[in-house]
Amino acid sequence: MTKVLFILSAVVIIVASVFAYQNGREFAATRINIAEINASIVKEKQTEKTVVGQVNQLVADITRVQGELDAESERLKAQKNRLAQAESEATRTQTELDTKVKKQQELTTLLKELPTDVKPETIAEDIARLKKEKLEFEAQAEAKKKEVTAEEEKIAGVQKRLDDVVRKIEERRKNFERNSLTSRVVAVNYDWGFVVIDAGKAAGLTQDTKLIVTRGAHTVGKISVMNVEDRATMASIVPGAVVNGEVIMPGDRVILENLVQN
């Protein structure tokens, strides 16, 4: 039994030694691989660092170039603005020149049209003379205007007097028509004591007009105007003014009680 255990132990030791040897070799190989990997990583990091540096440098170069490009663009823009201003100034100058040339041509034409006794050398004196003559003509025109105003006032006065005469004639004509009033009683209301005659405002009647009713050559009575229409008048029979035994009737003649004095 002891031998068997010894043999088993020996076998186990041998197997363990074999595995230990193999594991040592694999461990060494693994260490070598790890070292190589670490070296590769270090190299890659150095390469990456170099690339990052190059990229940063490239970015810096791009930024610098962009700044230079922007500055150049601003200079170009400023140059364009100056060019536009110069073109505008040139256009304005040319316009002013054209205007002055045109004005010179107009003045030359006017000078050619001047009277023979007017010379450019004496133009100032001639202008002063013309202004003086203008003032004299204006003074004469003002005097004529005053004369015309005075005549117009005289004419207005004459016209006013003429209008007054026409008005008086018209008033006399109307008074004559009233004095020659001939109207008739067309209706009589004995119950209410009023009559209706066939004359009104058109004949010059008013509510203040006093009327007499006649029949033939004698007076029948008096009536007092109550209401006046254009061509008809309502008048009340004046109490106590009707001749005894007489009655106002349709067809009786109506005249003014008092004639209007002209």
Side-chain angles (χ1 to χ4, degrees), residues 106 110 113 115 127-262:
E106 292 175 353
L110 291 175
E113 295 176 355
I127 290 175
R129 176 176 55 80
L130 292 175
K131 286 183 177 180
K132 182 179 179 181
E133 293 177 355
K134 178 185 176 183
L135 292 175
E136 293 176 353
F137 286 138
E138 288 178 349
Q140 294 176 4
E142 186 65 24
K144 291 293 182 182
K145 184 178 179 180
K146 291 180 179 180
E147 293 178 1
V148 170
T149 302
E151 292 297 327
E152 289 177 347
E153 290 177 353
K154 292 179 181 179
I155 293 173
V158 172
Q159 184 64 42
K160 185 176 182 301
R161 291 193 295 272
L162 178 61
D163 292 340
D164 290 340
V165 171
V166 172
R167 179 178 54 79
K168 290 180 180 179
I169 292 174
E170 183 65 19
E171 289 177 353
R172 290 183 178 181
R173 183 185 65 80
K174 290 181 179 179
N175 292 336
F176 178 78
E177 290 177 352
R178 290 183 62 194
N179 291 339
S180 60
L181 171 69
T182 300
S183 62
R184 297 287 177 179
V185 175
V186 296
V188 181
N189 189 313
Y190 298 106
D191 294 333
W192 292 94
F194 69 86
V195 300
V196 177
I197 65 175
D198 60 356
K201 292 179 180 178
L205 297 183
T206 67
Q207 289 187 344
D208 297 328
T209 305
K210 303 299 181 181
L211 302 173
I212 297 176
V213 181
T214 64
R215 186 182 302 130
H218 63 277
T219 300
V220 177
K222 297 181 180 181
I223 56 178
S224 178
V225 175
M226 298 169 54
N227 184 38
V228 183
E229 301 294 337
D230 286 339
R231 298 188 180 279
T233 299
M234 180 185 296
S236 63
I237 300 172
V238 178
V242 179
V243 177
N244 292 332
E246 297 289 345
V247 177
I248 297 176
M249 301 174 61
D252 287 344
R253 185 169 176 263
V254 179
I255 62 174
L256 297 176
E257 180 181 0
N258 298 316
L259 297 180
V260 178
Q261 299 298 322
N262 291 327

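All heavy atoms count here, side chains included; hydrogens, waters and symmetry mates do not.
Heavy-atom minimum distance, Arg231 versus Ala202: NH1-CB, 4.0 Å. Gln207 and Asn227 get closest at one heavy-atom pair: NE2-CA, 4.3 Å. Closest of all the heavy-atom pairs between Ile197 and Ser183 is CD1-OG, 4.0 Å.
Atom CD of residue Glu142 and atom CD of residue Glu147 lie 11.0 Å apart, to the nearest 0.5 angstrom. Here CE of Met234 is found 12.0 Å from CD1 of Ile223. Values are rounded to the nearest 0.5 Å. In this structure, Asp252 CG and Thr219 OG1 are separated by 11.0 Å, a value rounded to the nearest 0.5 Å. In this structure, the separation between OG on Ser224 and CG on Asp208 is 9.0 Å, given to the nearest 0.5 Å.
Checked by atom type and distance alone, the side chain of Tyr190 never pairs as donor or acceptor with a backbone atom of Val247 at under 3.5 Å. Judged by distance alone, with hydrogens and angles left aside, the side-chain atoms of Thr149 form a donor-acceptor pair with the main-chain N or O of Lys145 at under 3.5 Å. A donor-acceptor pair under 3.5 Å is formed between the side chain of Thr233 and the backbone N or O of Ala199. Under a 3.5 Å cut-off, the side chain of Glu257 and the backbone N or O of Leu211 do not form any donor-acceptor pair.
Using a 4.5 Å heavy-atom cutoff, the side chains of Val185 and Ile248 are in contact. Between Leu256 and Thr209 there is a side-chain heavy-atom pair separated by less than 4.5 Å.
The closest side-chain donor-acceptor pair between Glu246 and Asn244, if any, does not fall under 3.5 angstrom.
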Side chain to side chain contact (heavy atoms under 4.5 Å, CB included) for Val195 and Asn189? Distances and angles first, verdict last. CA-CA 6 Å; Val195 300; Asn189 189 313; over 6 Å; no
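Taking 4.0 Å as the cut-off between side-chain N and carboxylate O, Asp198 and Arg184 do not count as a salt-bridged pair.
The 12-atom threshold is not exceeded at CE of Met249, counting heavy atoms of other residues, nucleotides or ligands nearer than 6.0 Å.
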